Amino acid sequence: MSPAPATDKDPETETEHDTLKYSLLGPSLTKSGQDNVDQQKVSEIIYNASKGSKFFNNEENRDKNLTAKIEKILAKKKELEKLDLAHDIRKADDCIAELELSRDLSQSVVHIDCDAFYAACEELDRPELKEVPFSVGKGVLTTCNYHARKFGCRSGMAGFVAKKLCPQLIQVPLNFEKYTAKAQEVREIIVDYDPRFESASIDEAYLNITEYCSMNDISPEDAVQQLRREVHEKTKITISAGIAANAKLAKICSNQNKPNGQFRLANDRNVIMAFMRDLPTRKVNGIGRVFERELDAIGVKTCGDIYTYRQYISKLFGEKAFTFLMQCYLGLGRTKVQPAEEYERKSVGTESTFGDMSGHIELRDKLRQTAEELEKDMLRTQFKGRTLCLKVKLHTYEVFTRQVIPPKAIYLADDLYKFSVPMLTRLEQEFPGMKLRLMGLRCTNLVSMKKPDTMAFFGFKKRPGTDLDSSDIPDDEQLKRKADVLDKDGQWEAIPAELLFEDAERQEREEEFEELETLSQLEEVDKRRHHGKEVVPNPRKQDSPVEEWWDCPICLRPQVASEKEFNEHIDLCLSRQTIRNAVQETSGAGRPPRESTPSNKKSKTSEKSKDKTVLGDPKQRRLFFG
DNA sequence: GCGGATCAC
DNA sequence: TATGGTGATCCGC
């Protein structure tokens, strides 16, 4: 990046710095407790504290890209302005009319939000903290109390930046068990108001109190007043609440009178429309810093402005965004509230940040470690993944991801590692000598291997004589054994419902298809790797201890690799072999199977812990309310 | 379907 | 000295 010689007179540079400074203020700008803060001064301090760092440079880069993207949007809008958009206006109006038909004003939805939750929990144990500015979380603030917010401190802010804003800031370490236990107390109270309440996070929940209000002949305001009083009396936690016709509005309303307040928006179309008309777009859940800027650029500052520019929106931002924004303009949202467990999980993943790291061996050790972390999570959640995704963040803060579809759904560390190594290798080829600050693995396209009662809940029954529970085996080991047995198939019998059978059939077909896909993908990688020249060895890092040529007995290609890498290559080659055989079996075509070669077991690597874990384990959040 | 990007908490 | 982890979704290609 070229540091532009910035003269104060260059308006473009000034604008860029303004947008960058705004971006550096962080995503939680709209949070409460910032009303009387001199944002100009705060942003100046943050800017100066960050200037010159790699983080800053990356932010600057992102800001420039966004500015360029916005210029494109504006150019496109200018083109559109030359055209006759009567058709687009009519289309938008038709859509608005149709959405209007879905308006439901019969429900009372509540969003509750515990005020500075972690900080409040800490204050209960250490009352002296109430009087001083303090934050929870050290490297990065997860939250802070209202004293600290007066200085401009916010969640997501780097600890050292917060210290610049507020030198007397006290930083308290996270204690997740404490927050989980406290949240459970809150849960036990709100369940009386809606047994099917939906927890949105550890400190937030949606309730539908329509029935509660009619059963108890009480107004929504009074019911929520009572709920908040009860929560405060029994848990000493203050909460803020929003009451409205749907979840989207309730969420906005809970921010209205924070902290320790509530706000009701009447279930009245005119009232709702008037409320949305003046509401800044950023207040809506789903509109963040980027979309806010993009909308602002075309003239949309409030949800009311959306209507004015309705003829441009779908062409500039896409159909999904169009529908979403029209719903914002109209103040529409879902009225359905349901327990979080009833939502289907889409992925399981883990990632961690560490001091800059490079070198083949180190990176593979870290990958191995990451794979083992993910195995734990897969066992905990009882899923296997059909797709595996590797994520890295370079020392420059640039993020890249690569994914593969293994020949079968996987969850064991050995498999996770085996199938992610080629992705790492590929990245190393793309970015020679890359230095990483983060590595992560994630499984998607999940396949459940859930325990009996859960399966029963979803319409499966257990086959007789397959009870896997034995109380004298540790939990972890039990989960693994269950997974192993389930691996062999035939554990679960679908209740004879045609739909389920159809589903299973489709799944089998998909499995076959995915195996073929994987095969062609792997071969594609091969072609790329050996494209043109004959096996060009990677430029080796100086810190790699072994440098030798080996011939792979399976693919017969020469490999430059340490013994460890060579073993990895053999593992991969073997897995390809397995796929080929499987494809041959099903298709009846292809070459005869080769002889298989036993592969050496990878030696376990002892790991020096370079990790600088600054936050607690957010995975534990998922244990709450479920 | 893949990879980049945004968003929430 | 120095800026998080988990999960979801959307878009362009």
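Quick caveat, the model's predicted, so the values are computed rather than measured. Letters go in sequence order (proteins before strands), and every chain restarts at 1.
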| message | Between the side chains of R310(A) and D305(A), is the shortest nitrogen-to-carboxylate-oxygen separation below 4.0 Å, so that they form an ion pair? | response |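 Result for this pair is no, no salt bridge flagged.
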
| task | Output yes when E362(A) and K366(A) qualify as a salt bridge under the 4.0 Å nitrogen-oxygen rule, no when they do not. | result |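 K366(A) and E362(A): not salt-bridged.
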
Nearest-angstrom distance from the residue atom [atom1] of [X] to [atom2] of [N]:
| X | N | atom1 | atom2 | answer |
| --- | --- | --- | --- | --- |
| F317(A) | dT9(C) | CZ | C1' | 17 Å |
| H395(A) | dT3(C) | NE2 | P | 13 Å |
| K54(A) | dG4(C) | NZ | C1' | 18 Å |
| E60(A) | dT3(C) | CD | P | 17 Å |
| F354(A) | dA2(C) | CZ | P | 16 Å |
| K391(A) | dT6(B) | NZ | P | 13 Å |
| L316(A) | dC10(C) | CG | P | 19 Å |
| R345(A) | dA8(C) | CZ | C1' | 11 Å |

Any idea which of [options] is nearest the [X] side chain?
| X | options | answer |
| --- | --- | --- |
| R402(A) | dC2(B), dT6(C), dG4(B) | dG4(B) |
| V290(A) | dC7(B), dG3(B), dT3(C) | dC7(B) |
| S347(A) | dC9(B), dG7(C), dC2(B) | dG7(C) |
| D203(A) | dT3(C), dC9(B), dG5(C) | dC9(B) |
| V140(A) | dT3(C), dG3(B), dG7(C) | dT3(C) |
| F291(A) | dT3(C), dG5(C), dC7(B) | dC7(B) |
| K393(A) | dA2(C), dG4(C), dG3(B) | dG4(C) |

Presence of [X] side-chain N/O under 4.0 Å of [N] phosphate oxygens OP1/OP2:
| X | N | value |
| --- | --- | --- |
| N285(A) | dC9(B) | yes |
| R442(A) | dG5(C) | no |
| T401(A) | dG4(B) | yes |
| R289(A) | dA8(B) | no |
| K251(A) | dC9(B) | yes |

| request: Please tell me which of K320(A) and K51(A) maps to the more 5' nucleotide of DNA chain C, matching each residue to the nucleotide holding its nearest heavy atom. | output: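 Between the two, 5'-proximity favours K51(A).
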
| said: With nearest nucleotide decided by heavy atoms, which residue, K346(A) or M157(A), maps closer to the 5′ end of DNA chain C? | reply: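 That would be M157(A).
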
| query | Hey, is NZ on K320(A) packed in by over 12 heavy atoms from elsewhere, all under 6.0 Å? | reply |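 For K320(A), atom NZ is not crowded (no more than 12 foreign heavy atoms under 6.0 Å).
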
| request: Between H111(A) and N65(A), name the one whose nearest nucleotide on DNA chain B is closer to the 5' end. | output: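 This one resolves to N65(A).
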
Heavy atoms under 4.0 Å, any strand shown: does [X] hit a base, just sugar-phosphate, or nothing?
| X | answer |
| --- | --- |
| Y397(A) | sugar-phosphate |
| S50(A) | base |
| S53(A) | base |
| K69(A) | nothing |

| task | Quickly, which of E292(A), H17(A), R289(A) forms a side chain to side chain donor-acceptor pair (under 3.5 Å) with Y22(A)? Name it, please. | result |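 Looking at E292(A), H17(A), R289(A), the match for Y22(A) under the side chain to side chain donor-acceptor pair (under 3.5 Å) is E292(A).
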
| Which of parallel (below 30°), tilted (30 to 60°) and perpendicular (above 60°) describes Y179(A) and Y118(A)? |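 Rings of Y179(A) and Y118(A): parallel, as their planes differ by under 30°.
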
| message | I'd like to know if T350(A) reaches the base of dT6(C) with its side chain such that a donor and an acceptor end up less than 3.5 angstrom apart. | response |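 No such pair is found, so the answer is no.
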
| field | Separation between the P atoms of dT3(C) and dA8(B), rounded to whole Å | value |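 Their P atoms lie roughly 24 Å apart.
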
| query | Can R282(A) be said to sit on top of F291(A)'s aromatic six-ring, NZ or CZ under 6.0 Å from centre and within 45° of the ring axis? | reply |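 Because its charged atom misses either the 6.0 Å distance or the 45° angle limit, R282(A) does not stack over F291(A).
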
| message | Set out, in order, the CA-CA distance, both residues' side-chain angles and the distance that settles ring-ring contact (aromatic ring centres under 6.0 Å, His included) for Y312(A) and F317(A), then state yes or no. | response | CA-CA 8 Å; Y312(A) 302 109; F317(A) 302 114; over 10 Å; no

